[in-house]
Amino acid sequence: MAFFRDLVEVADRVTQVASRKEKIRLLAEFLEKLSPEEVPIAARFLAGEVFPEYDTKELGVGYSSLKQAYSVVRHASILPIAVQPLTITEVYRTLERIAGATGEGSKNKKIKLLQSLLSRMEQREIDFLLRVLFGEVRIGASKGLLLEAASKIANVPISDVLHAYMVLSDVGDVLLMAREKPSMLGRAELNLFHPVKPMLADMAYSVEELFQEHGAPLYLEYKYDGIRLQIHIDSGRVEVFSRRLNRITEFVPDVVEKVLGNVKAEKAILDGEALAVVDGKPVAFQDLLKRVRRKREREKFFRELPFQLHLFDVIYINGRTLVKETYSSRRSILQEIVTSDELLAKMKIVYEKEEAENFYKEALSENHEGVMSKRASSFYKPGIRGSDWLKLKSYDTIDCVIIAAEWGHGRRSGWLSNYHLGVLDEESGKFLSVGKTFKGLSDAEFEEMTKKLLQLKTREEGYTVYVKPEIVVEVDYSEIQRSKRYPSGFALRFARIRRIRFDKSPDEATTLGELRRRYLQKMQNKELDEEEG
DNA sequence: TTCCGACAGTGGGGTCGCAAT
DNA sequence: ATTGCGACCCCACTATCGGAA
């Protein structure tokens with residue numbers, strides 16, 4: 001039986017050391033000593049999780065509830081003198097009770113339970129638990145290093161551990177298997193209706209890069225701006241899972257119907273993307289979101305925003321796991337079992353740069369995000385982001401003025417790290433915010449930017465420092481969205497700073513009118529009429 | 001010896017459901 | 001009826017360590 005404070009102790013030590021090997025050693029050493037019941041719980045806590053990733057349990061406790069619970073405990077200045085330290089299991093059981101509270105009065109009940117937990121803890125334990133509940137333990141180790149620790153404990157290659165992670169989809173369960181049945185790690189079989197972590201893609205910035213990385217011919221696919229779906233089929237039963245492994249079958253009846261009608265396979269696990277299409281055109285992502293997880297007026301939204309399905313991979317078929325088959329052979333199998341081409345992601349094998357450019361342009365002209373390039377000889381690597389899959393997306397650039405900045409956290413503390421981006425509203429002569437970004441600057445640039453911004457400071461409220469609008473930054477973004485949050489009426493999606501333009505003055509920045517013009521241009525004729533009307 | 005792949009950390013906007021107000 | 005919170009869709013980018021080249 002281990003105490004929660006032992007876990008905190010090891011987390012602190014892991015934080016202290018910079019070496020990853022040493023972090024792994026410390027984690028393995030600790031997890032080896034725990035009881036089988038404690039192992040998965042401790043492993044998840046260290047990864048900033050409470051429940052398994054495939055689990056539907058929700059804590060329903062976030063920043064606000066934590067703050068509320070913590071403020072009461074902090075002011076309660078009664079130090080527990082002879083209180084028995086909490087065990088790891090006791091902490092977990094209370095968190096389960098917090099997750100279990102629903103309905104009227106549940107919020108207060110959750111906070112009460114949280115208070116009871118915190119009141120039995122030392123400051124160090126409180127700090128750690130809060131970080132677990134935020135999902136940001138910040139010990140310089142997370143799932144990746146925990147899986148390395150599993151490999152060390154079980155004394156098997158990391159590839160066996162990754163195989164088990166694919167099957168189990170949870171670090172806690174993997175660590176338990178490493179402890180109890182290490183020889184099973186490399187041999188476990190995929191289970192239908194237990195979701196697998198989807199394979200992810202790295203960014204690419206040009207067609208040349210795709211050729212350089214993957215070589216000719218390229219296997220290109222359209223990249224759709226929708227939601228990732230993993231579809232499990234077994235004898236007419238279909239279940240659908242999201243990228244984060246949530247079961248969302250009841251939200252996608254149209255997808256289920258398409259699969260039942262067009263996939264010839266007794267058992268299969270398919271990978272694809274769904275997007276909402278109206279009048280033959282994909283709707284903006286923010287509109288597609290309206291029907292994801294919707295309950296109210298469900299039928300209406302499902303009808304008005306019908307999903308189109310584009311399958312691009314198959315990782316299991318009729319008892320055979322295909323992750324160790326090449327992408328090109330998986331794609332062939334997929335094409336054999338899917339009877340309608342409409343259900344496939346559009347794909348083309350190209351040999352020349354120009355063909356690739358044309359395919360990319362074609363995808364963009366149909367209002368899709370861009371293209372994916374997939375290495376033909378590559379295996380399916382669940383949960384791994386690597387260069388086997390590359391995404392090439394389009395983006396635009398504008399010049400914004402920094403109108404405020406927020407103090408950073410963690411390794412960014414002491415720096416102004418998050419910048420409010422403004423564009424000039426010609427009518428009022430004021431700079432209006434179109435969103436924030438914390439991406440694109442190097443440490444040295446944060447340092448310099450912080451100094452410059454503090455010189456321009458007009459006032460400070462909480463974490464936010466307001467400044468005279470003088471510094472211009474070139475900002476890349478992937479889409480202009482309608483916004484209720486910002487008075488400008490627009491927000492940039494995926495905004496990041498390309499470079500700082502100390503050479504430019506604020507009056508050279510992009511105007512709101514220009515932004516509006518770009519937004520309307522992207523909206524095709526039909527939507528444009530609605531906006532004007 | 002240098003290079004580069006995988007990880008961890010830092011945070012973005014929008015949307016819904018739900019409990020509290 | 002409205003508001004605020006929490007969960008979950010979509011993520012991009014830089015620094016770092018340690019094995020690959």
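Every chain is numbered from 1, with letters handed out A, B, ... down the list of sequences.
- In this structure, Asp225(A) reaches neither bases nor backbone, as no heavy-atom distance under 4.0 Å exists between it and the strands shown.
- The distance between atom CG of Leu421(A) and atom P of dG13(B), rounded to the nearest whole Å, is 9 Å.
- The residue among Thr102(A) and Phe301(A) whose nearest nucleotide of DNA chain B is located toward the 5' end is Phe301(A).
- Set against dG6(C), dG13(B), dT15(B), the side chain of Arg482(A) has dT15(B) as its closest nucleotide.
- Between the side chains of Trp389(A) and Glu221(A), no donor N or O sits under 3.5 Å from an acceptor N or O.
- Between His368(A) and Tyr222(A), the ring planes are tilted. Angles from 30° to 60° get that label.
- Distance Lys290(A) NZ to dG13(B) P: 18 Å, rounded to the nearest Å.
- Residue-level contact check: Asn246(A) touches the backbone only, with heavy atoms under 4.0 Å from sugar-phosphate atoms and none from bases.
- When the side-chain nitrogen and oxygen atoms of Arg411(A) are compared with OP1 and OP2 of dA8(B), none of them lie within a distance under 4.0 Å.
- One finds no side-chain N or O of Arg493(A) lying less than 4.0 angstrom from the OP1 or OP2 phosphate oxygen of dG14(B).
- Side chains of Asp173(A) and Tyr54(A): a donor on one and an acceptor on the other come within 3.5 Å.
- In this structure, Gly383(A) and Asn108(A) both approach DNA chain B, and ranking their closest nucleotides by distance from the 5' end singles out Gly383(A).
- Distances shown here put a side-chain N or O of Tyr205(A) below 4.0 Å from the OP1 or OP2 atom of dC13(C).
- Dashed line: the shortest gap from a side-chain N or O of Lys143(A) to OP1 or OP2 of dA8(B) is not under 4.0 Å.
- As rounded to whole Å, 5 Å separates atom C1' of dC9(C) from atom CZ of Phe285(A).
- Rounded to whole Å, the distance from OH on Tyr419(A) to C1' on dG11(B) is 12 Å.
- The nucleotide whose nearest atom lies closest to any side-chain atom of Leu289(A) is, among dT10(B), dC10(C), dG14(B), dG14(B).
- Of the side-chain N and O atoms in Ser106(A), none sit less than 4.0 angstrom from OP1 or OP2 of dC18(B).
- Following rounding to the nearest Å, Lys23(A) (NZ) and dT16(C) (P) show an atom-to-atom distance of 13 Å.
- Of all nucleotides present, only dA20(B) satisfies the Watson-Crick or G-U wobble test against dT2(C), with each distance under 3.5 Å.
- For Lys21(A) and dG19(C), the shortest distance from a side-chain N or O to OP1 or OP2 is below 4.0 Å.
- Between the NZ atom of Lys57(A) and the P atom of dC8(C) there is a distance of 13 Å, given to the nearest Å.
- Classification of Glu369(A) and Lys391(A) as a salt-bridged pair fails, no side-chain N sitting under 4.0 Å from a carboxylate O.
- Regarding contacts with the backbone of dG17(B), a side-chain N or O of Arg296(A) is found under 4.0 angstrom from either OP1 or OP2.
- A donor-acceptor contact under 3.5 angstrom links the side chains of Glu406(A) and His420(A), judged on distance only.
- Taking 4.0 angstrom as the limit, Arg496(A) places a side-chain polar atom (N or O) nearer than this to OP1 or OP2 of dC13(C).
- Ala491(A) comes within contact range of the sugar-phosphate backbone alone, with a heavy-atom separation under 4.0 Å but no base atom that close.
- Heavy atoms of Arg20(A) sit under 4.0 angstrom from at least one base atom.
- Centroid-to-centroid, the aromatic rings of Phe490(A) and Tyr519(A) come within less than 6.0 Å.
- Proximity note for Ser483(A) (side chain, C-beta onward) versus dG9(B), dG14(B), dA20(B): the nearest is dG14(B).
- Spacing between atom CD1 of Ile384(A) and atom C1' of dA6(B) amounts to 8 Å, rounded to whole angstrom units.
- For the residue pair Asp476(A) and Thr397(A), a side-chain donor N or O sits within less than 3.5 Å of a side-chain acceptor on the partner.
- In this model, the phosphate group of dG6(C) is not approached by any side-chain N or O of Tyr63(A) to a distance below 4.0 Å at OP1 or OP2.
- Along DNA chain C, the nucleotide nearest Arg243(A) and the nucleotide nearest Asp476(A) are compared for position; the residue whose nucleotide lies closer to the 5' end is Arg243(A).
- An OP1 or OP2 oxygen of dG9(B) is reached within less than 4.0 angstrom by no side-chain nitrogen or oxygen of His409(A).
- Here Ile139(A) lies in heavy-atom contact (under 4.0 Å) with sugar-phosphate atoms only.
- The number of heavy-atom neighbours closer than 6.0 Å to OH of Tyr463(A), taken from other residues, nucleotides and ligands shown, is 12 or below.
- Ser417(A) comes within 4.0 angstrom of the backbone, heavy atoms only, and of no base.
- Lys391(A) comes within 4.0 angstrom of the backbone, heavy atoms only, and of no base.
- At the heavy-atom level, Leu288(A) lies nowhere under 4.0 Å from the strands shown.
- Distance CD (Glu406(A)) to P (dG11(B)): 9 Å, rounded to an integer number of Å.
- Residues Ala18(A) and Thr56(A) each lie close to DNA chain C; by heavy-atom proximity, the contact nearer the 5' end of the strand is made by Thr56(A).
- Distance from the side chain of Lys107(A) is smallest to dG6(C) among dC11(C), dG6(C), dC7(B).
- Between Gln286(A) and dT15(B), a side-chain N or O to OP1/OP2 separation shorter than 4.0 Å is present.
- For the pair Ser442(A) and dT14(C), the criterion of a side-chain N or O lying under 4.0 Å from OP1 or OP2 is not met.
- The phosphate of dG6(C) has OP1 or OP2 within less than 4.0 Å of a side-chain N or O from Ser65(A).
- Contact between the side-chain N/O atoms of Lys295(A) and the OP1/OP2 oxygens of dG17(B) is not found at any separation under 4.0 Å.
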